[in-house]
2 protein chains.
Amino acid sequence: MASVTIYDVAAQAGVSIKTVSRVMNAEPNVRAATREKVTAAAEALGYHPNLSARSLAGSKSFVIAAFVDASLTMDHWRSEQGADYLSRIQLGATGPCRELGYHFLLELIDHDTPRVRQEVGNLLAALKPDGVLLTPPSSDDQTVLDLLRKSHTPFVRLGPERDVGGGLRLKMDDRAAAAKMTEHLIGLGHRRIGFVLGDARYGSSRARQQGYVEAMAAHGLEVQADWIQAGDFTFQSGVEAARRLLSLAARPTAIFASNDDMALGCLSAIADAGLSTPEHISVAGFDDSSSARFSRPQLTTMRQPLVEMADYATRALIQGEVAADCDQDAVGHLPPSELILRKSTAPPAP
Amino acid sequence: MASVTIYDVAAQAGVSIKTVSRVMNAEPNVRAATREKVTAAAEALGYHPNLSARSLAGSKSFVIAAFVDASLTMDHWRSEQGADYLSRIQLGATGPCRELGYHFLLELIDHDTPRVRQEVGNLLAALKPDGVLLTPPSSDDQTVLDLLRKSHTPFVRLGPERDVGGGLRLKMDDRAAAAKMTEHLIGLGHRRIGFVLGDARYGSSRARQQGYVEAMAAHGLEVQADWIQAGDFTFQSGVEAARRLLSLAARPTAIFASNDDMALGCLSAIADAGLSTPEHISVAGFDDSSSARFSRPQLTTMRQPLVEMADYATRALIQGEVAADCDQDAVGHLPPSELILRKSTAPPAP
DNA sequence: CTGAAAGCGCTTACAG
DNA sequence: CTGAAAGCGCTTACAG
């Protein structure tokens, strides 16, 4: 059977298609009696508006798209590791979409290839999404940002590295989160706490260091210069930073690494030195990457409110709160990062 | 700037919009020179066809949708467990979609609620997908199957329980897979191999048992009646079946459970009995659920070719190989299930 | 090999 | 409060 259209409903209800349209879109200026007639006709006929027609005629597509990196995502899916980030974004975005009658479309983008421009240009023109969610590294891809602005598509950048480039930027409060973790260690009784810096090119590295320093100061604890060791977010840099920390005359009783990979490196260096975690030395990470749950010991770490971020972003996009030429930060609306207590932190040995 | 349309390209190339349409769709009957003029104009203008217009005017929507259970999926995403299945489906479906210019849409369905009919009816009418991928339990939901047939939407049922209901059915070869696992155990030197049945209401339970029995017979091994113990796919039923097996006069040296949950139950019962796996007794599971990787010891199990299944199904759908009124099985085209060797199986103690 | 006309199923902008 | 007309950007079916 051919599909039921707005004409069928109009005929059945004895009104014009415009009135049916009004009722279906819950627009005002329809008498209650008319509204009921139309609703009944639509129900009886099993009418559901065609999305393509709505999109083509109107100004909304009822589509929210998320751009994610193709090779990264496929690797995660294939290896069944690291897919947590995306799962949480999907969870956060799907909720508001279903609730508000939108469709959520996950699109894989080939960053760093010549075809990004073609690919993204095509997506934007073909889909005309009402809003786009950008995840790293899309959040900082200049080509993508340009295309988004040129097509006047509202967009939200999740965890952007750079503050330029426009869009609504949703980023965790690294400083507050690092302070919270530092306070956890202090609360456990640690006084000599080492810190492993992240890659200096990232703003989040500095923010995390700042949080550590401020929390220490807030508790009247002096930070010695050699407690802060350079790192670059890799496992190996964590190993090396930990070795330097372990060789200090007054060895720290705890190490706070700016991300989980480096924390895992610390764990490894500590074991190599014949010490154990958390008995001899506590280790804390940052990110709650999936490896953090399966290390030995399991890693105490900080977790971003990703579901809430995606939920907030999607709602803002759907409700038209993100102007196409928007250029601002939004952190205040988000819950703080969560301290995930696991086995790698404990009170210092007496 | 307003978007570039087919009219802009036609004007620039000095042809009619019909010719532009032909070129964009790679249709025949266009002179090479004309084709080039159009391509050049499209390129220069940055033209990308609008999906809604294509879908509305034509017979294809360029959308492939997958239906998954809403609460199940959201639980998996939230808990970050059990999401592997969906990740692999997404991986398998996304590949062909991107390759062939389609969009893959994941839609969450509220099975077992009164709103399924409304929800699915709306999805089908609004999206008019060119094909739908059904995952369990959608694969066996009568309401969904009815709606799909009524709307003449081609669909593939992944891992269906029942063979009635139409569609193209893609199911692993449980019998062959169980035989393969049994042969792995025999190859290790086991002769007394216990088997834990799954829920008898599922066809796969019988098929797995059959595979086990046949493999034993093929190697001249007699199966004693009390080696086969009932179970219902739950952890607890695995515990109980293992207890019965352990109390046998001539205890089996290996247990093959029809799914991972029951295998995990066996592991637990074996440990409770003061025995260890695989030293005293080997345990094999089935499914490669995510828990199988994190148990102690890690579980040897069988893994379905899910990525390949989704890839095959999506291609079949896109290439129009699945008629709307299709009603058939497709197993022959799939690679066999994979034996995942981990730590729970080893040669029997001498 | 190419094109003019009609129409897909809606919303927009306007009139009453 | 309701409706007639136009048009969104394409493909279909047909003509030449």
Side-chain angles (χ1 to χ4, degrees), chain A residues 1-39 41-42 45-63 101 122 124-128 130 151-152, chain B residues 1-39 41-42 45-63 101 122 124-128 130 151-152:
Chain A
M1 99 245 132
S3 1
V4 180
T5 73
I6 197 170
Y7 287 95
D8 303 318
V9 179
Q12 168 107 0
V15 299
S16 73
I17 60 162
K18 175 67 242 200
T19 297
V20 177
S21 174
R22 283 201 181 88
V23 173
M24 298 312 296
N25 291 294
E27 283 170 23
N29 296 332
V30 183
R31 265 195 313 186
T34 312
R35 194 177 292 277
E36 270 167 36
K37 265 195 309 189
V38 172
T39 310
L45 261 23
Y47 170 67
H48 300 281
N50 176 308
L51 192 69
S52 296
R54 291 227 279 169
S55 172
L56 185 59
S59 52
K60 289 192 288 185
S61 66
F62 300 95
V63 165
N122 185 49
L124 261 18
L127 261 24
K128 296 210 180 299
D130 291 334
S151 63
H152 304 293
Chain B
M1 97 243 132
S3 3
V4 181
T5 73
I6 197 170
Y7 287 95
D8 301 319
V9 179
Q12 169 107 359
V15 297
S16 74
I17 61 163
K18 175 68 243 201
T19 297
V20 177
S21 174
R22 282 200 181 88
V23 173
M24 299 312 294
N25 291 294
E27 283 170 24
N29 296 333
V30 182
R31 267 194 312 186
T34 311
R35 195 177 292 277
E36 269 167 37
K37 263 195 311 189
V38 172
T39 310
L45 262 21
Y47 170 67
H48 301 281
N50 175 308
L51 193 69
S52 295
R54 292 227 279 168
S55 172
L56 186 59
S59 51
K60 290 192 287 185
S61 65
F62 302 95
V63 165
N122 185 48
L124 260 20
L127 261 25
K128 296 209 179 300
D130 291 334
S151 64
H152 303 293

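Residue numbers begin at 1 in each chain, while the letters A, B, ... track the order of the sequences.
When all heavy atoms are compared, the tightest approach of B:Arg35 to B:Val30 is NH2-CB, 3.5 Å. Closest of all the heavy-atom pairs between A:Ala41 and A:Gln12 is CB-CG, 3.4 Å.
For the strand DNA chain D, secondary-structure stems (runs of at least three Watson-Crick or G-U pairs, all distances below 3.5 Å) span C:1-3 with D:14-16, C:5-12 with D:5-12, C:14-16 with D:1-3.
Whole-Å rounding puts the A:Arg22 CZ to C:dC10 C1' distance at 14 Å. One can place CG of A:Leu127 at 14 Å from P of D:dC10, the figure rounded to the nearest angstrom. For the pair B:Arg35 CZ and C:dC1 C1', the interatomic distance rounds to 11 Å; values are reported in whole Å. Spacing between atom NZ of B:Lys18 and atom C1' of D:dG16 amounts to 15 Å, rounded to whole angstrom units. Rounded to an integer number of Å, the gap from CD1 of A:Ile6 to C1' of C:dG7 is 16 Å. Here D:dT2 presents its P atom at 16 Å from CE of A:Met24, a figure rounded to the nearest Å. In this entry the distance linking CG of B:Asn25 with P of D:dA13 reads 14 Å, nearest Å. Rounded to an integer number of Å, the gap from CZ of B:Phe62 to P of D:dC10 is 12 Å.
Comparing A:Thr5 and A:Glu27 along DNA chain C, the residue whose closest nucleotide (by nearest heavy atom) sits nearer the 5' end is A:Thr5. Mapping B:Lys128 and B:Val15 onto DNA chain C via the closest heavy atom, the residue that lands nearer the 5' end is B:Val15. Both A:Thr34 and A:Ile17 lie close to DNA chain D; mapped to their nearest nucleotides by heavy-atom distance, the more 5′-ward contact belongs to A:Thr34.
At D:dT2, one or more side-chain N or O atoms of A:Arg31 fall inside 4.0 Å of OP1 or OP2 (strictly under the cut-off). For the OP1/OP2 pair of D:dC10 and a distance below 4.0 Å, the side-chain nitrogens and oxygens of B:Tyr47 include at least one atom meeting the criterion. Of the side-chain N and O atoms in A:Ser21, none sit less than 4.0 angstrom from OP1 or OP2 of C:dC10.
Side-chain N or O atoms of A:Asn25 include none that pairs as donor or acceptor with a backbone N or O of A:Glu27 at under 3.5 Å. Between the B:Asn122 side chain and the A:His48 main chain, no donor and acceptor come within less than 3.5 Å of each other. At distances below 3.5 Å, at least one donor-acceptor pair connects side-chain atoms of B:Asp130 with backbone N or O atoms of B:Phe62. A:Asp8 places a side-chain N or O within donor-acceptor distance of the main-chain N or O of A:Thr5, the cut-off being under 3.5 Å.
Within residues 49-56 of chain B, the residues that place at least one heavy atom under 4.0 Å from DNA chain C are, in residue-number order, B:Leu56.
Remark: the A:Ser55 side chain and the A:Ser61 side chain contain no N/O donor-acceptor pair separated by less than 3.5 Å. B:Ser3 and A:Lys128 share a side-chain donor-acceptor pair at under 3.5 Å.
Looking at the side chain of A:Tyr7, the nearest of the listed nucleotides C:dC10, D:dT2, D:dT11 is C:dC10. Of the candidate nucleotides C:dT11, C:dT2, D:dG3, D:dG3 has the atom lying nearest to any side-chain atom of A:Ser16.
Of the residues B:Leu45, B:Ile17, B:Thr39, the one that meets the side chain to side chain contact (heavy atoms under 4.5 Å, CB included) test with B:Val9 is B:Leu45.
Rounded to the nearest 0.5 angstrom, B:Thr34 OG1 and B:Asn29 CG are separated by 11.5 Å.
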